[in-house]
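Notes for the one structure printed next.
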Amino acid sequence: MTPRIQRLPPQLISQIAAGEVVERPASVVKELLENSLDAGATRIVVEVEQAGVRLIRVRDNGSGIPPDDLALALTRHATSKIASFDDLQQVASLGFRGEALPSMASVSRLTLTSRVAGQDSGWRISGDGSDTVDEPMPAPHPIGTTVEVRDLFFNVPARRKFLHSERTEFGHIEQGVRRLALIRFTVGFSLAHHQRAVLNLEPATDQAAWTQRVAELCGREFIAASVFTDREDAGLRLWGWIGLPEASRPQPDLQHFFVNGRPVRDRVISHALRQAYQDVLYRDRHPAAVLSLELDPTALDVNAHPTKQEVRFREASVVHDFVRRTVQTALAEIRPGAAPSPLIQVGERGGLINRFSPASQSGLPLRGVQERMSAYGQLHEAAPAASAPVPTASAAAEPEPEPPLGYAIGQLHGCYVLAENPAGLAVVDMHAAHERILYERLKTALAEGGLAIQALLVPVTLTVNPAERRQVEEQGDLLTQAGFDVALLGPETVVVRQIPALLGGADIAGLVRDMLADLAAQQTSDRSETAILNLLADLACHGAVRANRRLNLLEMNALLRDLERTDYGGQCNHGRPTWAQLTLEELDRLFRRGR
């Protein structure tokens with residue numbers, strides 16, 4: 001017999017809700033930190049014992065909770081942060097669901113103490129895991145709030161069995177504190193485990209202090225190999241630190257994303273970041289970044305996940321394109337002369353460029369390109385901007401300002417160009433530098449000449465599922481822009497009649513399936529673009545000057561001037577640096593000279 005429908009007891013309802021919100025001790029710390037930040041706290045102290053299972057105490061100097069509201073604070077769906085559906089459409093606070101505190105109180109022994117300005121003392125309220133709480137009582141407390149969560153999951157022991165080791169659980173807590181500290185720079189954070197200080201971060205009030213905090217949280221190696229960028233366009237702003245290729249990682253473990261001040265895990269942003277680096281990273285490496293995206297709250301759904309760690313963009317493709325172009329622009333600006341050294345540069349706000357927009361260097365005609373790659377001197381006969389004689393190091397005293405890489409003085413082991421510049425000695429990997437120059441010129445030629453199309457003598461048919469068919473119906477224009485002619489033949493069949501000419505010989509059916517999968521998952525596709533760029537990168541790599549190729553001073557200086565004008569000039573197509581700087585101070589220290 002089917003059981004009768006019955007109303008669940010309040011305590012069981014809260015424990016079910018706790019299963020969504022309170023996954024582990026780190027979940028408790030996250031929710032309490034968000035409440036403190038929403039209360040305007042400028043200093044937050046977190047103390048835990050036994051990785052939070054025995055005790056979690058979060059103390060802040062925020063606005064506090066009035067005594068009459070303490071009982072409501074432990075009641076489900078009670079909050080001061082939203083009052084209507086319109087408020088839900090434009091949430092500006094970190095918390096808003098009104099479930100965190102009551103969920104914690106249902107699976108722990110919780111004590112809440114708080115004091116607001118203008119009151120002589122604080123007030124305290126406690127719960128023991130049941131569906132009732134004690135009456136508020138006076139208690140000494142400074143302005144702000146302290147929440148103590150003891151014996152987490154004491155009344156649901158099955159939940160404790162799913163917790164990992166103390167080290168692992170505390171690692172999640174520390175990571176959560178660090179993530180919030182990476183976006184709330186004006187707030188001081190302290191974290192202690194078993195009364196031992198783990199973090200002690202003072203408020204950071206300017207960009208230099210922000211950078212210092214990022215260095216402390218993400219490592220000085222990251223800061224030394226990153227650039228700061230801050231750009232706005234059409235109501236979107238992206239700011240933060242992006243790592244140079246040498247800061248890349250084998251895992252995406254140094255990628256921190258924030259949307260309107262909220263730490264998030266987002267596939268749209270991570271995919272856009274990955275795509276922005278595709279010209280400068282090996283495929284098995286992941287970029288490092290600390291990026292904050294700001295946009296109108298009405299263009300964002302923050303109520304997509306119980307723990308609020310995922311968001312939905314109303315125009316995901318616009319966000320994806322903005323993030324990709326912004327990061328690409330910042331990376332492209334890293335070139336000799338853009339900063340004192342290739343490792344540290346501060347990006348400034350500026351206009352955004354299209355991925356295939358003509359670069360500042362002179363274009364290389366696509367026709368006959370392989371012949372022109374045979375020797376660098378021949379290449380520059382075809383490049384008007386570099387054909388004029390270039391002075392050597394002895395001519396550096398002329399009135400014209402000396403170029404960033406200076407002038408060539410020789411070649412080392414047929415691999416490196418040595419140049420004297422204002423800072424000291426520049427060492428250029430001639431193959432890596434030439435490879436980047438050729439690649440960017442080929443991309444420019446492709447953009448200026450348009451995308452050649454190849455009609456298939458024998459059209460390719462493939463069977464599709466309903467999701468793939470829907471992408472063909474809805475994204476036909478985008479496929480056409482990418483150079484494909486894909487049409488429906490029946491309920492489960494599509495035909496491919498035309499492809500970009502550069503993709504001749506590719507697995508057309510597999511490529512189209514991958515594009516449709518990308519469209520469904522990311523609302524964008526880079527398969528065709530990536531395939532074309534990979535072909536251009538291979539062509540540039542094979543055509544670049546090889547080791548032991550002897551260059552004269554004219555050819556060396558032409559290489560230096562081109563590198564200074566080339567987007568992404570700091571790295572080759574595979575992410576290796578194209579040049580390095582040895583300063584006079586470093587040389588003096590090497591030879592123990594004093595100046």
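Source: prediction; values computed, not measured.
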[X] versus [Y]: any side-chain heavy-atom pair under 4.5 Å?
{"X": "P287", "Y": "R274", "result": "yes"}
{"X": "Q207", "Y": "Q212", "result": "no"}
{"X": "S292", "Y": "I183", "result": "yes"}
{"X": "H574", "Y": "L281", "result": "no"}
{"X": "L72", "Y": "L74", "result": "no"}
{"X": "L331", "Y": "I242", "result": "yes"}
{"X": "I65", "Y": "T145", "result": "yes"}
{"X": "E586", "Y": "Q581", "result": "no"}

What's the separation between atom [atom1] in [X] and atom [atom2] in [Y], rounded to the nearest 0.5 Å?
{"X": "E135", "Y": "W123", "atom1": "CD", "atom2": "CH2", "value": "10.0 Å"}
{"X": "Q278", "Y": "L273", "atom1": "CD", "atom2": "CG", "value": "11.5 Å"}
{"X": "L191", "Y": "I44", "atom1": "CG", "atom2": "CD1", "value": "12.0 Å"}
{"X": "L291", "Y": "H256", "atom1": "CG", "atom2": "NE2", "value": "10.5 Å"}
{"X": "E333", "Y": "T229", "atom1": "CD", "atom2": "OG1", "value": "7.0 Å"}
{"X": "L182", "Y": "E216", "atom1": "CG", "atom2": "CD", "value": "10.5 Å"}

Salt bridge flag under 4.0 Å for residues [X] and [Y]:
{"X": "R237", "Y": "D230", "value": "yes"}
{"X": "E468", "Y": "R470", "value": "no"}
{"X": "R576", "Y": "E246", "value": "no"}
{"X": "E34", "Y": "R179", "value": "no"}
{"X": "R59", "Y": "E148", "value": "no"}
{"X": "D151", "Y": "R109", "value": "yes"}

Exercise. Tell me, with the steps shown, if R57 and L55 meet side chain to side chain contact (heavy atoms under 4.5 Å, CB included).
Key: CA-CA 6 Å; R57 180 187 295 118; L55 169 69; 3.8 Å; yes
So, the side chain of [X] versus the backbone of [Y]: is there a donor-acceptor pair under 3.5 Å, distance only?
{"X": "R178", "Y": "L217", "result": "yes"}
{"X": "R324", "Y": "A272", "result": "no"}
{"X": "R115", "Y": "Q119", "result": "yes"}
{"X": "N573", "Y": "D279", "result": "no"}
{"X": "T326", "Y": "V323", "result": "no"}
{"X": "S121", "Y": "P138", "result": "no"}
{"X": "D233", "Y": "F322", "result": "no"}
{"X": "S226", "Y": "G243", "result": "no"}
{"X": "Q328", "Y": "Y277", "result": "no"}
{"X": "D296", "Y": "G235", "result": "no"}

Can you name the nearest heavy-atom pair linking [X] to [Y], along with the distance?
{"X": "L70", "Y": "P136", "value": "CD1-CB, 4.2 Å"}
{"X": "A117", "Y": "I143", "value": "CA-CD1, 3.7 Å"}
{"X": "P263", "Y": "L180", "value": "CG-CD2, 3.7 Å"}
{"X": "F153", "Y": "R160", "value": "CB-CG, 3.6 Å"}
{"X": "I125", "Y": "D134", "value": "CG1-O, 3.2 Å"}
{"X": "R249", "Y": "A288", "value": "CG-CB, 4.5 Å"}

Self-check item: Contacts of type ring-ring contact (aromatic ring centres under 6.0 Å, His included), residue W239, not counting sequence neighbours
Solution: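 W239: ring-ring contact (aromatic ring centres under 6.0 Å, His included) contacts with W210.
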Self-check item: By ring-ring contact (aromatic ring centres under 6.0 Å, His included) - contacts of H193 (at least two apart)
Solution: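 Once residues adjacent in sequence are excluded, the partners of H193 under the ring-ring contact (aromatic ring centres under 6.0 Å, His included) criterion are F170.
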Quiz item: Would you say N465 has more than 12 foreign heavy atoms packed within less than 6.0 Å of its CG?
Solution: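 Yes.
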Exercise. Check each of F228, F222, F258 against W241 using the ring-ring contact (aromatic ring centres under 6.0 Å, His included) test, and report the only one that passes.
Key: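 Between W241 and the candidates, ring-ring contact (aromatic ring centres under 6.0 Å, His included) is satisfied uniquely by F228.
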Self-check item: Full working for side chain to side chain contact (heavy atoms under 4.5 Å, CB included) between V46 and V48
Solution: CA-CA 7 Å; V46 182; V48 299; 4.2 Å; yes
Exercise. State which residues pass side chain to side chain contact (heavy atoms under 4.5 Å, CB included) with D266; sequence neighbours excluded, sorted by chain then number.
Key: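 V264, V268, I269, V311, F313.
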Practice problem: Name all residues meeting the side chain to side chain contact (heavy atoms under 4.5 Å, CB included) criterion together with P25; count only those two or more places apart in sequence or in a different chain, and write none if there are none. | Solution: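 Side chain to side chain contact (heavy atoms under 4.5 Å, CB included) check on P25 returns V53, I56, L152, L163, E169, I173.
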Ignoring hydrogens and geometry beyond distance, is a side-chain donor-acceptor pair present between [X] and [Y] at under 3.5 Å?
{"X": "S106", "Y": "S103", "answer": "no"}
{"X": "H194", "Y": "E47", "answer": "no"}
{"X": "H286", "Y": "S248", "answer": "no"}

Practice problem: Have a look at R124 and tell me which of T111, T113, T146 forms a side-chain hydrogen bond (donor to acceptor under 3.5 Å, both in side chains) with it. | Solution: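 When side-chain hydrogen bond (donor to acceptor under 3.5 Å, both in side chains) is applied between R124 and each of T111, T113, T146, only T113 qualifies.
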Quiz prompt | Contacts of type salt bridge (Lys or Arg N to Asp or Glu O under 4.0 Å), residue R213, not counting sequence neighbours | solution =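 Expected list: none.
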Self-check item: Audit row: L293, N260, side chain to side chain contact (heavy atoms under 4.5 Å, CB included) steps and yes/no
Solution: CA-CA 6 Å; L293 176 68; N260 287 355; over 6 Å; no
Quiz prompt | Lys NZ or Arg CZ of R43 over F189 ring: under 6.0 Å, within 45° | solution =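 No - R43 does not lie over the ring of F189 by the 6.0 Å and 45° rule.
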Quiz prompt | For S190, all residues meeting side-chain hydrogen bond (donor to acceptor under 3.5 Å, both in side chains), sequence neighbours excluded | solution =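 Checked S190 against side-chain hydrogen bond (donor to acceptor under 3.5 Å, both in side chains); matches are N200.
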Quiz item: Given the rule in the side chain to side chain contact (heavy atoms under 4.5 Å, CB included) test, do L110 and V133 qualify, once you have shown the distances and angles that lead to the verdict?
Solution: CA-CA 9 Å; L110 184 144; V133 294; over 6 Å; no
